[in-house]
Amino acid sequence: MSTPEDQPNLDEALARARAAREQMVAALDEAQEPEADEPAGWQPIWKRPRKPKSKAAKKAELRKQGKRLQEAAKRRLAAGSSRRRQGVQDPRTRRSGSQATGATLGEGRR
């Protein structure tokens, strides 16, 4: 068993821990604040300062976006029309199975 003389005083340990905490907080504050001429480093995009675009850059971006949307609409139109059968005169030919033959439930039995 250890003797009480070997164990440190709790009050002294608590005082040392509080003093060390203040020093650590001061050191962290200094390290986290960037210098005025130093770049800020990586930041999430929502925290970065906004860089205003010129009018020409805005118009070029909108032009690209409009062109991309028009091309997507053309692709959708082409994809939809390629799946549809066109030019069929008889509506019965679009039906499937026994419906296409014209037979109904009561026609065959007289």
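All values below come from the heavy atoms of this structure, side chains included, with hydrogens, waters and symmetry mates left out.
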Asker: Ile45: which other cluster members, linking ILVMFWY side chains closer than 4.5 Å, directly or transitively?
Answerer: Trp46

Asker: Taking salt bridge (Lys or Arg N to Asp or Glu O under 4.0 Å) as the cut-off, I'd like each qualifying pair that reaches into residues 17-27, sequence neighbours left out, listed once.
Answerer: none

Asker: Looking at CG of Leu62 and NZ of Lys67, how far apart are the two atoms once the value is rounded to the nearest 0.5 Å?
Answerer: 14.5 Å

Asker: Can you list every salt bridge (Lys or Arg N to Asp or Glu O under 4.0 Å) pair that touches residues 50-61, not counting sequence neighbours?
Answerer: Lys53-Glu61

